[in-house]
Protein chains: 2
Amino acid sequence: MAKLDLFKFVPFRLNRLGAEVSAALSSEYRERYGLDIPEWRVIATLGFRKEACSAQYIAQCTRTHKSTISRAVTALLERHLLERVENEDDRREFRLRLTRKGTMLYEDLIPSLLRREQEILGCLSAQERKDFARLLGKIEDSLGLVQTSRPMSEIEAY
Amino acid sequence: MAKLDLFKFVPFRLNRLGAEVSAALSSEYRERYGLDIPEWRVIATLGFRKEACSAQYIAQCTRTHKSTISRAVTALLERHLLERVENEDDRREFRLRLTRKGTMLYEDLIPSLLRREQEILGCLSAQERKDFARLLGKIEDSLGLVQTSRPMSEIEAY
DNA sequence: GCGAGATAGTCTCACTTGCAACTATCTAAA
DNA sequence: TTTAGATAGTTGCAAGTGAGACTATCTCGC
């Protein structure tokens, strides 16, 4: 008779761990700045990339639905953490970039988030962390998840 | 200036991977049996453990909110995949167990789910899979996630 | 230049889920 | 025995999210 131990089943474990880690991290930017996960993703994408980029680009590379990104962008615009400029070449899209205030928030948040990441990975040795990142990368690759920052043109349709 | 590359940031990667893998797997039981994730978790827990157990127990060990489990149990009862019997020792709780129909569904589903798991892990060598499972386990342990089936009495409050 | 189809972004709708209140029941202590 | 507090399970409500329709704009082929 077939059996499946949920606690040894990798898909379940990844889902549970992803939710857990995400909850731990998001409490950081939610409590300090009232940001939710989509809003944080927008800020993180714009903060890391120097150039302004479109909402569509952010949706694609964070794998978040465009309507979710749209709502996050609206909220951030209202809080003046973001500004958008019309793109003269294509008037359907807007170029988004962090305001000075948004950049300050981003830079203020990074150290504590990196610290939390290190806490989560603190149970692993340096070598194990490298191995874990490498194995994660292999799985991401095989599932076609975007793994590194790439120019917009290389990101295939979502 | 502080920088954080979202694509190298483990919490983001785990969350994205967890969502992706979960979506890939859930399409299997959704399309074949119209089950959603909470319903599948109830069935998986009861199918693996021989003894009947309470909704509370399922909620705790799958780390799913008790109201979500309650709704899943109601739906499964209506479909006659589950039955519940009053617990004479404690009339607040019910003992849940799969019906014959539920057991058949469970056993029918297992092979394809295990196959999908293997597809996802197919990019790793046998040794890498072992390593990955071990590292996952270390992180789960350090975060206090339940990792193996344990008697109900040992599971601390959610 | 014009029309068909594609794309960026917004908005409405339906669905899911977590929270918290609620009922019923249990436990322990006065 | 009574009462206060804990616990199992259910339910109403509010918030968040994806699907898909919609508008405006772009592109390509004629």
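Below, chain A is the first sequence line, B the second, and so on; all start at residue 1. All values reported here derive from a predicted model rather than from experimental measurement.
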Q. Between D:dG18 atom C1' and A:Arg63 atom CZ, what is the distance in whole Å?
A. 15 Å
**Q.** NZ/NE/NH1/NH2 to OD/OE distance under 4.0 Å, A:Glu28 and A:Arg32
**A.** yes
Q) Is any side-chain heavy atom of A:Gln56 less than 4.5 Å from a side-chain heavy atom of A:Glu93? A) no
Q) Which residues satisfy the side-chain hydrogen bond (donor to acceptor under 3.5 Å, both in side chains) test with B:Glu31, sequence neighbours excluded? A) none
**Q.** Residues forming a side-chain contact (heavy atoms from CB on, under 4.5 Å) with A:Ser22, sequence neighbours excluded
**A.** A:Ile37, B:Asn15
Q) Taking only residues two or more places apart in sequence, or in another chain, which ones meet A:Leu114 in a side-chain contact (heavy atoms from CB on, under 4.5 Å)? A) A:Ile110, A:Glu117, B:Leu4, B:Phe9
Q.
Near DNA chain D, counting only heavy atoms under 4.0 Å, which residues of residues 30-38 of chain B show up?
A. none
Q) Just how far, in rounded Å, is C1' of D:dA8 from CD1 of B:Ile58? A) 13 Å
Q) Within this structure, what is the CD-to-P distance between B:Glu78 and D:dT10, rounded to whole angstrom? A) 12 Å
Q: Quick one, give me the B/S/- string for nucleotides 19-28 of chain D, reading 5' to 3', where B means a protein heavy atom under 4.0 Å from the base and S means that only happens at the primed atoms, P, OP1 or OP2.
A: BB---BBS--
Q.
What is the distance, to the nearest angstrom, from the CD atom on B:Glu86 to the C1' atom on D:dG9?
A. 12 Å
Q: Ignoring backbone atoms, test whether B:Ser54 places a side-chain nitrogen or oxygen under 4.0 Å from the OP1 or OP2 oxygen of D:dA8.
A: no
(Q) Tell me the interatomic distance from B:Gln60, atom CD, to D:dA8, atom C1', rounded to whole angstroms. (A) 10 Å
**Q.** Spacing between A:Tyr57 atom OH and C:dT7 atom P, to the nearest angstrom
**A.** 18 Å
Q.
Measure CG/B:Leu82 against C1'/D:dG9 and give the value in whole Å, please.
A. 14 Å
Between side-chain atoms of residues 72-82 of chain A and protein atoms elsewhere (two or more places apart, or another chain), which donor-acceptor pairs fall under 3.5 Å?
| unit_1 | atom_1 | unit_2 | atom_2 | d |
| --- | --- | --- | --- | --- |
| A:Thr74 | OG1 | A:Ser70 | O | 2.9 |
| A:Arg79 | NH1 | A:Tyr33 | O | 3.1 |
| A:Arg79 | NH2 | A:Tyr33 | O | 2.8 |

(Q) Checking B:Gln118 now: which residues fulfil side-chain contact (heavy atoms from CB on, under 4.5 Å) with it, not counting sequence neighbours? (A) B:Arg129
Q | Residue pairs fulfilling salt bridge (Lys or Arg N to Asp or Glu O under 4.0 Å) with at least one residue in residues 33-46 of chain B, sequence neighbours excluded | A | none
Q.
If the condition is side-chain contact (heavy atoms from CB on, under 4.5 Å), which residues does A:Phe94 pass it with, not counting sequence neighbours?
A. A:Arg84, A:Glu86
Protein-nucleotides 3-5 of chain C N/O pairs under 3.5 Å:
none

Q) Given axes from five pairs at either end, by how many degrees does the helix from C:dG1-D:dC30 to C:dA30-D:dT1 bend, rounded to 10°? A) 10°
Q.
Around atom NZ of B:Lys101, are there more than 12 heavy atoms from other residues, nucleotides or ligands closer than 6.0 Å?
A. yes
Q. Would the number of heavy atoms belonging to other residues, nucleotides or ligands and lying under 6.0 Å from CZ of B:Arg97 be above 12?
A. no
Q: Measure the shortest side-chain to side-chain distance between A:Phe48 and B:Lys3 over non-hydrogen atoms and say whether it is less than 4.5 angstrom.
A: yes
Q | Residues A:Arg92, A:Ser54; criterion side chain to side chain donor-acceptor pair (under 3.5 Å); working and verdict | A | CA-CA 10 Å; A:Arg92 289 172 304 178; A:Ser54 69; over 6 Å; no
Q) Taking atom C1' of D:dT10 as reference, at what distance in whole Å does atom CG of B:Leu76 sit? A) 16 Å
Q) Applying ring pair (Phe, Tyr, Trp, His ring centres under 6.0 Å), which residue pairs with at least one partner in residues 95-144 of chain B are found, sequence neighbours left out? A) A:Phe132-B:Phe132
